[in-house]
Protein chains: 2
Amino acid sequence: MIATAQLPVLDLTDLRACCAPLTGGVIDSADAERVATALKALAEPTRIRLISLIAAQPGGEACVCDLTDPVGLSQPTVSHHLKVLADAGILTREQRTKWAYYRLVPGALAAIGALLSNDPTSRSD
Amino acid sequence: MIATAQLPVLDLTDLRACCAPLTGGVIDSADAERVATALKALAEPTRIRLISLIAAQPGGEACVCDLTDPVGLSQPTVSHHLKVLADAGILTREQRTKWAYYRLVPGALAAIGALLSNDPTSRSD
DNA sequence: ATGATGTATCGACATCTGTCAATTCACATG
DNA sequence: CATGTGAATTGACAGATGTCGATACATCAT
């Protein structure tokens with residue numbers, strides 16, 4: 001089968017190296033693109049809910065079947081959002097028997113958050 | 001003239017109260033929408049560059065004319081992006097004589113970053 | 001094998017979004 | 001008042017995105 005552009009899963013820690021904090025200097029177009037790509041993965045209400053639902057799950061993991069009802073969307077749509085988050089390096093996917101279990105990548109959210117924290121303009125308060 | 005939905009500028013500090021960290025509990029649809037709205041404003045490469053350009057400016061402020069050349073886009077497009085960032089509560093706009101000066105809202109980026117930091121999964125390293 | 005169940009992919013569609021040219025608005029100055 | 005300059009708005013358009021139904025794939029049970 002032709003490879004369907006299997007994204008190699010982004011390493012979000014790279015973003016800290018290049019761009020944290022955003023206000024630390026002028027960011028070139030290529031880095032801005034990478035930062036925006038990471039943020040785009042998060043900038044969707046359903047995906048925000050999915051992240052919080054997975055984190056709240058006992059064991060910190062959830063299968064697709066655990067998530068469709070809470071978010072109130074179809075199974076294909078939920079699978080799509082989970083794929084977006086996994087491709088962005090925010091979630092991992094692990095197939096166990098019939099179920100696909102998703103969990104947060106440790107430190108991934110913090111790496112994105114580090115771009116926005118350590119903000120010089122926040123030292124004034 | 002009918003009010004053109006003049007957004008009252010979001011207060012990003014509210015997000016800390018409701019949703020930081022994202023992984024602290026299940027987030028309801030309304031809050032997820034607000035979080036996503038804030039992140040959407042940032043999730044665009046040109047806007048990332050505009051933020052870093054403004055922050056790098058001496059005095060921490062810039063007019064539209066300072067920004068069009070560095071980002072290489074038309075004046076209307078730059079104005080559009082600045083409006084998106086201002087409506088999201090990330091930038092302020094101040095008209096002085098003929099020029100409109102934009103600057104970062106102190107702590108705004110940090111407030112968004114706080115949603116993603118303090119992430120329990122990042123304590124393991 | 002056959003069937004059942006969980007998940008991913010595909011195709012289609014409506015909506016959203018980034019961009020620009022053209023225009024309008026705001027302000028200052030001759 | 002007329003003119004020039006900086007910025008915002010409008011209208012249009014191409015491309016991206018969220019959603020679903022239908023379908024294909026994967027794994028288990030019978």
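Please read all numbers here as calculations on a predicted model, not as lab measurements. Quick note: numbers below take in every heavy atom, side chains included, and nothing from hydrogens, waters or symmetry partners. Note on naming: letters A, B, ... go to the chains in the order of the sequence lines (proteins, then strands), and numbering restarts at 1 for each one.
With C/dA21, D/dT5, C/dT9 as the candidates, the nucleotide lying closest to the side chain of A/Pro76 is C/dT9. Each of C/dC20, C/dT19, C/dT5 was ranked by its minimum atom distance to the side chain of B/His81; first place goes to C/dT19. For B/Cys63, the side-chain atoms get nearest to D/dA7 when compared with the rest of D/dT19, D/dA7, D/dT27.
Under 4.0 angstrom from either OP1 or OP2 of C/dA26 there lies no side-chain N or O belonging to B/Thr97. Phosphate contact (OP1/OP2 of C/dT19, side-chain N/O of B/Thr46, threshold under 4.0 Å): present. Dashed line: the shortest gap from a side-chain N or O of B/His80 to OP1 or OP2 of C/dC20 is not under 4.0 Å. Distances shown here put every side-chain N or O of B/Arg93 at or beyond 4.0 Å from the OP1 or OP2 atom of D/dA7. At the phosphate of D/dA8, OP1 or OP2 sits under 4.0 Å from a side-chain N or O atom of B/Tyr102.
Along DNA chain D, the nucleotide closest to A/Lys98 and the one closest to B/Cys65 are compared, and the more 5′ of them pairs with B/Cys65.
Here D/dG21 presents its P atom at 11 Å from CG of A/Leu73, a figure rounded to the nearest Å. If you take CZ of B/Arg96 and C1' of C/dA28, they are 16 Å apart, rounded to a whole angstrom. Look at CG on A/Leu91: it is 14 Å from P on C/dT7, rounded to the nearest Å. The OH atom of A/Tyr101 sits 13 Å away from the C1' atom of D/dT27 (whole-angstrom rounding). To the nearest angstrom, P of D/dG18 lies 5 Å from CD of A/Glu44. Per the geometry, CH2 belonging to B/Trp99 stands 9 Å off P belonging to C/dT29, to the nearest Å. Put simply, CG on A/Asp87 is 11 Å from P on C/dA8, counting in whole angstrom units. In this structure, the NZ atom of B/Lys83 is 13 Å from the C1' atom of D/dT10, given to the nearest Å.
A distance-only check finds no donor-acceptor pair linking the side chain of B/Arg49 to the backbone of B/Glu44 [under 3.5 Å]. With hydrogens and angles ignored, the 3.5 Å screen pairs a side-chain donor or acceptor of A/Ser117 with a backbone N or O of A/Gly113. Judged by distance alone, with hydrogens and angles left aside, the side-chain atoms of A/Ser52 form a donor-acceptor pair with the main-chain N or O of B/Ile27 at under 3.5 Å. No donor-acceptor distance shorter than 3.5 angstrom exists from the side chain of A/Asp87 to the backbone of A/Val84, with no hydrogens or angles considered. Side-chain atoms of B/Arg47 come within 3.5 Å of backbone N or O of B/Ala41 as a donor-acceptor pair.
Base contact: A/Thr77 has a heavy atom under 4.0 Å from a base atom.
Looking at A/Gln75, its side chain comes within 3.5 Å of the base of C/dA8 through a donor and an acceptor atom.
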